[in-house]
Amino acid sequence: MTEEKSIMDYETVALDDTEHALVIIDQTKLPGRTELLHLKTQKEIWVAINTLAVRGAPAIGDAAAIGIYLAAREIETDDYEEFLRRFREAKAYLDSSRPTAVNLSWALNRMEQVVLQAKGKPLAEIKQMLHDEAVKIKDEDIWICSKIGEYGLTLVKKGDGLLTHCNAGQLATAKYGTATAPMYLGHQKGYGFHVFCDETRPQLQGARLTSYELSASGLDVTLICDNMASSVMKNGWVQAVFVGCDRVAANGDAANKIGTSGVAILAKYYGIPFYVCAPTSTIDFATPTGAGIKIEQRPPEEVTEMWYKERMAPKGIKVYNPAFDVTDHSLITAIVTEYGIARAPYDVSLQEIRRKCGR
Ligand code: MRU
């Protein structure tokens with residue numbers, strides 16, 4: 001008898017060197033079906049990122065790094081300047097797939113640095129260096145998430161109730177997730193957490209992805225609608241909130257899935273610590289405050305038709321569908337990074353983290 005594979009046995013993002021393809025789990029089909037997509041063209045990769053087949057800030061960065069390597073591999077020229085021009089075209093195209101998660105441009109810029117620093121080397125060697133850098137970005141993501149797990153776990157105690165919003169889990173990273181990393185580590189160590197997952201309208205990342213991956217790993221998970229968070233907090237069932245983020249401004253304002261700032265306001269009201277888990281690749285030191293973060297607007301159908309593609313609202317109704325919101329730094333108890341825990345004042349503590357990571 002063959003044992004059924006768990007969702008945790010799949011890689012969220014992988015590079016297939018035989019087929020020269022980016023391999024992802026199609027997250028639009030989860031939890032009903034686990035389908036792998038083998039993406040070879042730039043268009044396919046752009047569409048996968050744009051339609052959330054691969055999503056979550058670190059996973060988008062990992063996918064883009066592999067995507068730009070695959071694009072570079074296809075550039076046939078012996079001329080470095082021509083190669084660089086076409087590399088930059090492909091980079092701009094991939095970068096346009098989603099606007100809010102800074103990991104996308106962070107990963108693409110890091111790949112561009114490889115090309116710039118390798119000027120003078122044979123292009124075949126530069127392509128191999130790009131391959132190695134893409135693999136390194138993904139491998140580092142695993143290390144980063146495990147460190148966030150270690151730091152995050154110091155903030156909670158055995159038996160705590162934890163609440164999370166959206167999916168900042170394994171499905172949003174190369175492994176462990178960011179907001180979920182302390183949960184997975186605590187679970188391994190017998191902490192006995194009770195996790196509440198907000199369903200996360202309109203795309204239901206909490207219901208479809210977070211509650212799926214955490215329960216598949218044996219954690220005690222309760223799914224709630226977004227409008228129930230206040231209730232479970234009031235009942236005293238939540239001792240800490242952990243969320244991921246798509247971009248942290250230099251002052252600590254953090255953009256994450258729409259609804260996150262509401263959860264932060266509730267947490268403040270009930271006196272519950274609110275932790276943002278952020279790899280340093282998600283910190284955008286060039287953006288001073290959250291006001292400078294571009295918020296993605298998504299198609300109205302996500303709100304009017306939901307997943308079973310049946311209209312739940314009048315035809316042609318005006319819809320406002322921002323995919324993210326910005327949580328003010330004053331609502332954030334701490335930002336957990338792979339280089340330690342930053343607390344207010346964030347303009348100072350994030351610079352300290354920056355020094356540690358050498359950016
Ligand atoms: O629109 P999504 O599903 O890409 O939004 C994802 C989130 O908001 C995550 O919380 C964030 O990217 C952090 S993932 C570690």
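Each residue takes its place number in the sequence, starting with 1. All ligand and atom numbering here is 1-based and tracks the order in the structure.
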Next item on the list: Under the side-chain hydrogen bond (donor to acceptor under 3.5 Å, both in side chains) rule, what do Glu338 and Thr280 come out as? Steps first, then yes or no, please.
Entry: CA-CA 7 Å; Glu338 74 274 29; Thr280 49; 2.5 Å; yes

Note to self: For atom 12 (O) of ligand 1, what is the closest protein heavy atom, and at what distance to 0.1 Å?
What the structure shows: Ala57 N, 2.8 Å

Check: Quick one: nearest non-hydrogen protein atom to atom 5 (O) of ligand 1, plus distance?
Finding: Lys257 CE, 3.3 Å

Notebook entry, point to check: Less than 4.0 Å between a side-chain N and a carboxylate O, is that true for Lys40 and Glu44?
Noted result: no

Check: Does a salt bridge link Glu11 with Lys138, judged by any charged N lying under 4.0 Å from a carboxylate O?
Finding: yes

Next item on the list: Please say whether Arg55 places an N or O atom under 3.5 Å from an N or O atom belonging to ligand 1.
Entry: yes

Notebook entry, point to check: Looking only at N/O atoms, are Phe324 and ligand 1 under 3.5 Å apart anywhere?
Noted result: no

Note to self: Please compare Arg98, Gln27, Gln203 and report which has the shortest non-hydrogen distance to atom 2 (P) of ligand 1.
What the structure shows: Arg98

Note to self: Before we go on, tell me: are the rings of Tyr184 and Tyr176 under 6.0 Å apart, centre to centre?
What the structure shows: no

Which atoms from ligand 1 have a heavy atom of [X] less than 4.0 Å away?
{"X": "Thr178", "result": "15 (C)"}
{"X": "Asn256", "result": "7 (C), 8 (O), 9 (C), 10 (O), 11 (C)"}
{"X": "Pro58", "result": "14 (S), 15 (C)"}
{"X": "Asp246", "result": "7 (C), 8 (O), 9 (C), 11 (C), 12 (O)"}
{"X": "Ala172", "result": "14 (S), 15 (C)"}

Check: Is the Lys NZ or Arg CZ of Lys234 less than 6.0 Å from the centre of Tyr270's six-membered ring, within 45° of the axis?
Finding: no

Next item on the list: Kindly confirm or rule out a cation-pi arrangement of Lys158 over Tyr191, judged by NZ or CZ under 6.0 Å from the six-membered ring centre and within 45° of its axis?
Entry: yes

Just heavy atoms, cut-off under 4.0 Å: does [X] contact ligand 1 by side chain, backbone, both, or neither?
{"X": "Asn167", "result": "backbone"}
{"X": "Ala101", "result": "neither"}
{"X": "Gln205", "result": "side chain"}
{"X": "Cys166", "result": "side chain"}

Check: Can you tell me if Cys245 has a non-hydrogen atom under 4.0 Å from ligand 1?
Finding: yes

Notebook entry, point to check: How about Leu162 and Val156: do any of their side-chain heavy atoms sit closer than 4.5 Å?
Noted result: yes

Check: Does the side chain of Asp132 come under 3.5 Å of the side chain of Gln128 through a donor N or O and an acceptor N or O?
Finding: yes

Notebook entry, point to check: Which word best sums up how the rings of Tyr93 and Trp46 line up, parallel for under 30°, tilted for 30 to 60°, or perpendicular for over 60°?
Noted result: parallel

Margin query: Using the rule side chain to side chain donor-acceptor pair (under 3.5 Å), only one of Asn256, Asp246, Asn103, Thr178 pairs with Thr282; which is it?
Written below: Asn103

